[in-house]
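The structure appears below as structure tokens.
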Amino acid sequence: MTITISAFAWVPPFAQGYVKDIRARWALAEAGLDYNLHLLPDGAQDQPDYRAWQPFGQVPAYRDETVELFESGAIVLHIASLSDALAPRSKQEAAQIQAWVIAALNSVEPKVENLILPAIFHTGEAWVSEFRPHAENLLALRLKSLSGWMKGRDWLVGRFTVADIIMATVLRGVQAEPVLQDHPDLVAYLDRCLARPAFKKALDAQLDTFTKNAP
Ligand SMILES: N[C@@H](CCC(=O)N[C@@H](CS)C(=O)NCC(=O)O)C(=O)O
């Protein structure tokens, strides 16, 4: 099967290793599937042919011989369906995996981004430090709930699944923040996810792309 994912040819150092094509790369590495890269140089994300593939001009987008799609959550769910190791083993497991992929993206990621993006994209603006405690409180509530769910669990859904790929890449954004460090169980969960060889393979592959295409 020929699989292609989109990725930026290069991003500034602060984003390297964190661009969301890492989710697709990680799932593909777990599945043992090779892939080609459709690299986007500066400006290519606005080209009509790319917008026809990814309407928001973002990465990642994905295609194989059967389907073309976008959104990292949808992409990893599709990759799971191609893989013996990652495919859901029951309807209930499939439903739980979908629920946790969406929860990570919709209930947790916005609170993580609230906390980290203002400082990155609005450095030095007065409102950033005023907003920060509010953002921390909102994220703390979500992390407390997640920690409650993780009690007695190593993975979100019984065994490692693509839901853990999405949750780990979300939590990784606040890995060094006290709000996450307040939950040793979540720190241990994140460490468990990131210790997987497939994560390292995905990370190395993304960093390699940026090294090869450095301006
Ligand atoms: N909801 C999308 C978000 C993708 C996303 O935010 N991608 C970023 C890179 S990490 C991007 O392409 N940013 C450029 C832009 O938004 O124009 C997904 O999960 O696939």
Side-chain angles (χ1 to χ4, degrees), residues 3-31 35-64 67-82 86 97-123 135 139 142 156 161-175 177 190 193-194 199 202-211 213-215:
I3 291 172
T4 303
I5 62 168
S6 68
F8 290 130
W10 188 82
V11 298
F14 77 86
Q16 294 186 6
Y18 291 87
V19 188
K20 291 181 174 104
D21 59 271
I22 199 162
R23 294 170 173 169
R25 293 180 191 258
W26 185 354
L28 288 163
E30 294 279 356
Y35 56 94
N36 300 318
L37 290 174
H38 175 97
L39 289 183
L40 301 174
D42 223 10
Q45 66 186 111
D46 295 324
Q47 294 302 314
D49 53 341
Y50 189 63
R51 292 282 168 151
W53 188 11
Q54 212 299 0
F56 301 98
Q58 297 179 311
V59 304
Y62 169 103
R63 71 163 61 97
D64 59 31
V67 305
E68 181 171 294
L69 76 164
F70 62 99
E71 280 294 330
S72 58
I75 292 169
V76 299
L77 287 168
H78 174 69
I79 293 168
S81 76
L82 303 176
L86 295 174
I97 294 169
Q98 278 178 22
W100 275 106
V101 164
I102 291 170
L105 293 172
N106 196 32
S107 297
V108 184
E109 184 162 59
K111 311 297 181 203
V112 165
E113 293 193 333
N114 264 347
L115 184 63
I116 59 177
L117 294 188
I120 294 172
F121 292 114
H122 300 273
T123 318
L139 177 58
R142 289 291 192 262
L156 288 169
T161 69
V162 292
D164 298 299
I165 291 179
I166 299 297
M167 188 63 86
T169 50
V170 167
L171 295 180
R172 199 169 154 250
V174 286
Q175 194 169 11
E177 294 284 344
L190 181 56
C193 291
L194 301 185
F199 170 73
L203 180 61
D204 289 349
Q206 183 177 100
L207 296 177
D208 184 57
T209 297
F210 298 139
T211 303
N213 294 287

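Both backbone and side-chain heavy atoms feed into the values below; hydrogens, waters and symmetry mates do not. Counting starts at 1 for both ligands and their atoms, following the listed order. The chain is numbered in sequence order, starting from 1.
- Residues passing the side-chain hydrogen bond (donor to acceptor under 3.5 Å, both in side chains) test with Glu30 are Trp26, Arg196, sequence neighbours excluded.
- Listed as neighbours of ligand 1 are Phe8, Val19, Lys20, Arg23, Gln45, Gln58, Val59, Pro60, Glu71, Ser72, each bearing a heavy atom under 4.0 Å from the ligand.
- Listed for the Gln45 side chain is no donor-acceptor partner under 3.5 Å among the backbone atoms of Tyr50.
- In the displayed structure, Phe14 atom CZ is contacted under 6.0 Å by more than 12 heavy atoms of other residues, nucleotides or ligands.
- For the residue pair Arg63/Thr4, the side-chain donor-acceptor check at 3.5 Å is not satisfied.
- Applying the 6.0 Å contact sphere to CG of Asp42 captures no more than 12 heavy atoms from other residues, nucleotides or ligands.
- Salt bridge annotation for Glu109-Arg23: present, with a cationic side-chain nitrogen under 4.0 angstrom from a carboxylate oxygen.
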